[in-house]
Amino acid sequence: FIHLGSSDEYGDNISPISEIQRESPISPYSFAKVATSHMLQMLQRTEQFPAVILRLFLVYGPTQDKERFLPNLIINSLRNNDIPITFGEQLRDFCYVNDVVNAIFLSFDKENALGNIINIASGDPIKIKEMVIRVNSLIQKGKPLFGSIKYRTNESMSLYADIRKAKKVLNWKPTYKIEHALKETVNWYKENGSY
């Protein structure tokens, strides 16, 4: 059983976040993810239930829900809209969906992964502002309005993963470079008329 957790489970922990850091959920969603992770670990210990917990950090790619950050940015850029945004100083860890899928498949056959929580991320933080600039440069349209939105209350300014455990336990590492992955993602939204 592969459970897909979320980086939100860590709350406001200091980055780079490793799996040994105590969770600090800040929403019902992240609390439910933590509870599920702990229940699966208990079942694995007591009943030998074959569970692996993959804790995902900002997955992106083609077909993602239009309300998410990157699809929303891409669609508004393709429409040549003004794009209200914060100053974009937040550090985030974006992971391409194909890398996530590879991690899931590797998890099936790794006995030493059972009962473990494993971060799946790029391990390479990037500022939100830099992502906006990259998308804008690929599309050549859209008008980012940096600083026109305030940061959220209690906004985490740094959320990125330590992925050493994934490398050791799953023999996994991200293989898709952000330039290529972003281009594939943008092209999918262009080709599918999703704007």
What's the shortest heavy-atom distance between Thr185 and Pro62, and which atoms? OG1-CD, 3.8 Å
Any Leu182 side-chain heavy atom under 4.5 Å of Met131 side chain: yes
As an exercise, state the distance from CZ of Arg152 to CD of Gln90, rounded to the nearest 0.5 Å. 7.5 Å
Atom pairs and distances, donor-acceptor, side-chain atoms in residues 167-178, under 3.5 Å, two or more places apart:
{"from": "Trp172", "atom 1": "NE1", "to": "Asp99", "atom 2": "O", "distance (Å)": "3.0"}
{"from": "Thr175", "atom 1": "OG1", "to": "Asp99", "atom 2": "OD1", "distance (Å)": "3.1"}
{"from": "Tyr176", "atom 1": "OH", "to": "Asn98", "atom 2": "ND2", "distance (Å)": "3.2"}

With rounding to the nearest 0.5 Å, note down the distance linking OG in Ser37 to CG in Asn116. 11.5 Å
Give a yes or no on whether the backbone of Arg164 and the side-chain of Asp162 come within a donor-acceptor separation of less than 3.5 Å. yes
Which heavy atom of Pro71 sits nearest a heavy atom of Lys66, and at what distance? CB-CA, 3.8 Å
What's the verdict on salt bridge (charged side-chain N to carboxylate O under 4.0 Å, His left out) for Lys127 and Glu89, showing C-alpha distance, side-chain angles and the deciding distance? CA-CA 6 Å; Lys127 286 185 178 182; Glu89 294 299 314; 2.7 Å; yes
Nonpolar side-chain network containing Ile20, other nodes, edges under 4.5 Å: none
So does Gly142 get a backbone contact from the side chain of Ser77, meaning a donor-acceptor N/O pair under 3.5 Å? no
Would you sort out whether Asp12 and Ile26 count as a side-chain contact (heavy atoms from CB on, under 4.5 Å), showing the intermediate values? CA-CA 8 Å; Asp12 59 359; Ile26 55 172; 5.6 Å; no
CZ on Arg79 to CD1 on Ile139, rounded to 0.5 Å: 11.5 Å
Should Leu91 and Ile120 be counted in the same cluster of Ile, Leu, Val, Met, Phe, Trp and Tyr side chains packed under 4.5 Å apart? no
Count I, L, V, M, F, W, Y as connected when their side-chain heavy atoms are under 4.5 Å apart, and connections chain through other members. Are Ile163 and Val101 then in the same cluster? yes
CG of Leu78 to NZ of Lys190, rounded to nearest 0.5 Å, is 6.5 Å
Shortest non-hydrogen pair, Gln41 vs Gly115, comes out as NE2-O, 2.9 Å
The reported gap from NZ in Lys150 to OG1 in Thr86 (rounded to nearest 0.5 angstrom) is 13.0 Å
Could you check whether any side-chain N or O of Asn136 sits under 3.5 Å from a backbone N or O of Val132, counting only pairs where one atom can act as donor and the other as acceptor? no
Ignoring hydrogens and geometry, is there a side-chain-to-backbone donor-acceptor pair from Glu19 to Asn119 under 3.5 Å? yes
Val135, Leu58: one ILVMFWY side-chain cluster at the under-4.5 Å cut-off? yes
Is there a side-chain contact (heavy atoms from CB on, under 4.5 Å) between Leu138 and Arg134 once you walk through the steps? CA-CA 6 Å; Leu138 276 171; Arg134 285 176 184 237; 5.7 Å; no
Should the ring pair Phe87 and Tyr151 be called parallel, tilted or perpendicular, given that the plane angle runs from 0 to 90° and is split at 30 and 60? tilted
Grab the two heavy atoms, one from Arg45 and one from Gln48, that are nearest each other, plus how far apart they are. O-NE2, 3.4 Å
Treating Asp124 as the side-chain partner and Asp93 as the backbone partner, does any N or O pair qualify as donor plus acceptor under 3.5 Å? no
Using atom types as modelled and distance alone, determine if a side-chain donor or acceptor of Glu9 lies under 3.5 Å from a backbone N or O of Ser6. yes
To which residues is Phe49 joined in a hydrophobic cluster, defined by side-chain heavy-atom contacts under 4.5 Å among Ile, Leu, Val, Met, Phe, Trp and Tyr, whether direct or through other members? Phe1, Tyr10, Ile17, Met39, Leu40, Met42, Leu43, Ile53, Phe57, Ile117, Leu159
Do Phe69 and Arg92 make a side-chain contact, defined as non-hydrogen atoms from C-beta onward lying under 4.5 Å apart? no
Is there a side-chain contact between Leu145 and Ile83 (heavy atoms, below 4.5 Å)? no
Whether the side chain of Ser148 engages the backbone of Ile85 through a donor-acceptor N/O pair (distance < 3.5 Å, no angle test) should be reported. yes
Quick one: OG on Ser27 to CG on Asp8, what's the gap to the nearest 0.5 Å? 5.5 Å
Transitively linked via ILVMFWY side-chain contacts under 4.5 Å: Leu4 with Phe108? yes
Within the distance-only criterion (no hydrogens, no angle test), does the side chain of Asn80 pair as donor or acceptor with the backbone N or O of Lys141 below 3.5 angstrom? no
Please check if the side chain of Glu23 supplies one atom and the backbone of Lys33 the other of a donor-acceptor pair under 3.5 Å. no
How close do Tyr60 and Ala181 get, heavy atom to heavy atom, and via which atoms? OH-CB, 3.1 Å
Hey, any chance Leu73 and Phe94 share a hydrophobic cluster, counting ILVMFWY side chains that come within less than 4.5 Å of each other, even indirectly? yes
Locate the shortest heavy-atom distance separating Gln140 from Ser137; write the atom from each residue and the value. NE2-O, 2.6 Å
